[in-house]
Amino acid sequence: MSYRLIRPLLFALDAERAHHLSLAALRMMPTAAALAPDPMLTTMVAGIRFPNPVGLAAGYDKDGRIAHKMHGFGFGFAELGTLTPLAQPGNPQPRLFRLVEDKAVINRFGFNNGGQGAAADRIARYRRPVGEGPVIGINIGANKDAAAAGRGIADYVMGVTCMAPLADYLTVNISSPNTPGLRALQDRSALDALLGAVMAARAPGGPPIFLKVAPDLEPADVEDIAAACIDHRVDALIVSNTTISRPALRSVHAGEAGGCRARR
Ligand SMILES: Cc1cc2nc3c(=O)[nH]c(=O)nc-3n(C[C@H](O)[C@H](O)[C@H](O)COP(=O)(O)O)c2cc1C
């Protein structure tokens with residue numbers, strides 16, 4: 001069934017409900033074989049061979065339920081998460097808004113997820129040896145109360161320890177606008193401490209580590225982040241998460257708090 005037919009059905013539903021229904025449908029579908037890779041599209045990043053450069057971004061499959069099936073739809077990789085050490089419910093609903101007139105979406109999920117332990121058990125059941133099968137990235141974050149409890153960096157270290165054996169690459173996500181204090185980790189001294197701890201926690205032979213940043217950065221921040229990544233030998237940057245800016249939106253939901261993703 002084409003997207004043109006399914007779209008009116010999905011758009012008749014609350015946005016988060018539609019999200020969960022699409023995940024449930026994917027869970028029921030058999031895992032299809034990967035499409036034959038086109039050598040023209042093969043992309044090497046940090047030693048990983050991506051069959052093509054189009055991937056499923058973090059946030060759709062937060063708990064790693066269907067990431068391994070996405071290559072059957074033509075994706076070159078899928079990134080699951082964001083996963084936090086402990087399960088947490090995220091922000092109260094509603095927390096996902098369609099801005100239909102603007103072809104945009106605002107979300108403030110707040111890292112709702114079932115926790116890294118449960119996800120690790122699930123992923124281990126379908127995960128092929130790293131380097132074989134579909135490319136799966138795992139995106140890690142901090143629990144909501146971590147920054148206030150002085151545990152921000154420890155949460156990332158825990159994520160590296162728990163998820164590295166299951167990941168083709170790990171994404172250190174310090175870019176969500178929906179977790180208090182998280183983006184403060186993009187400041188130079190905080191970033192140095194975080195990256196030092198994260199890189200030290202990766203065992204020899206562990207997966208490449210990518211850093212995911214916010215788009216709402218001043219030029220000086222960009223320079224600091226680039227310098228920190230070079231100093232700590234971060235393997236790649238993911239640019240970027242959703243924005244907290246609201247460029248000329250018309251929808252009634254334009255004033256909702258959260259990260260905005262508008263079609264360019
Ligand atoms: C509904 C929704 C939920 C998201 N959740 C996460 C998340 O949990 N972790 C994360 O790193 N990024 C999350 N993102 C950001 C996306 O992974 C992606 O970085 C962003 O949409 C920009 O990429 P794009 O330009 O390809 O859309 C979310 C985005 C949306 C729209």
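Both counts, for ligands and for their atoms, begin at 1 and track the order of listing. Basis for what follows: all heavy atoms, side chains included, without hydrogens, waters or symmetry-related copies.
Looking at Lys212 against ligand 1, only its side chain comes within 4.0 Å, counting heavy atoms. Residue Tyr60 does not touch ligand 1, judged by heavy-atom distances below 4.0 Å. Residue contacts with ligand 1 for Asn241 involve both N, CA, C or O and side-chain atoms from C-beta outward (heavy atoms, distance under 4.0 Å). The backbone of Ser240, and not its side chain, has at least one atom closer than 4.0 Å to an atom of ligand 1 (non-hydrogen atoms only; backbone = N, CA, C, O).
Aromatic ring pairs are classed by plane angle as parallel below 30°, tilted from 30° to 60° and perpendicular above 60°; the pair Phe77 and Tyr169 is perpendicular.
With hydrogens and angles ignored, the 3.5 Å screen pairs a side-chain donor or acceptor of His19 with a backbone N or O of Tyr60.
Short contacts between ligand 1 and Asn173, defined as distances under 4.0 Å to a heavy atom of the residue, involve ligand atoms 9 (N), 10 (C), 11 (O). Ligand 1 places these atoms under 4.0 Å from at least one heavy atom of Leu96: 1 (C). Shown in contact with Val105 at under 4.0 Å from a heavy atom are these atoms of ligand 1, numbered in order with element: 31 (C).
A single hydrophobic cluster is not seen to contain both Phe210 and Ile140; linkage of ILVMFWY side chains at heavy-atom distances under 4.5 Å, directly or through other members, places them apart.
Every N/O-N/O distance between Ser175 and ligand 1 stays at or above 3.5 Å. Below 3.5 Å of separation, one finds an N or O of Asn139 facing an N or O of ligand 1. Between Ala58 and ligand 1, an N or O atom pair is found at a separation short of 3.5 Å.
The pair Arg151-Asp145 counts as a salt bridge, with a side-chain nitrogen and a carboxylate oxygen less than 4.0 angstrom apart. One finds no salt bridge joining Lys69 and Asp61 here, because no Lys/Arg side-chain nitrogen approaches an Asp/Glu carboxylate oxygen to under 4.0 Å. For Arg125 and Asp121, the salt-bridge test fails: no basic side-chain N is under 4.0 Å from an acidic carboxylate O. By the 4.0 Å N-to-carboxylate-O rule, Arg183 lies too far from Asp221 to be salt-bridged with it.
Considering Arg95, Arg261, His19 only, the shortest heavy-atom separation from atom 21 (O) of ligand 1 involves Arg261.
Residues meeting the ring-ring contact (aromatic ring centres under 6.0 Å, His included) test with Phe11, sequence neighbours left out: none.
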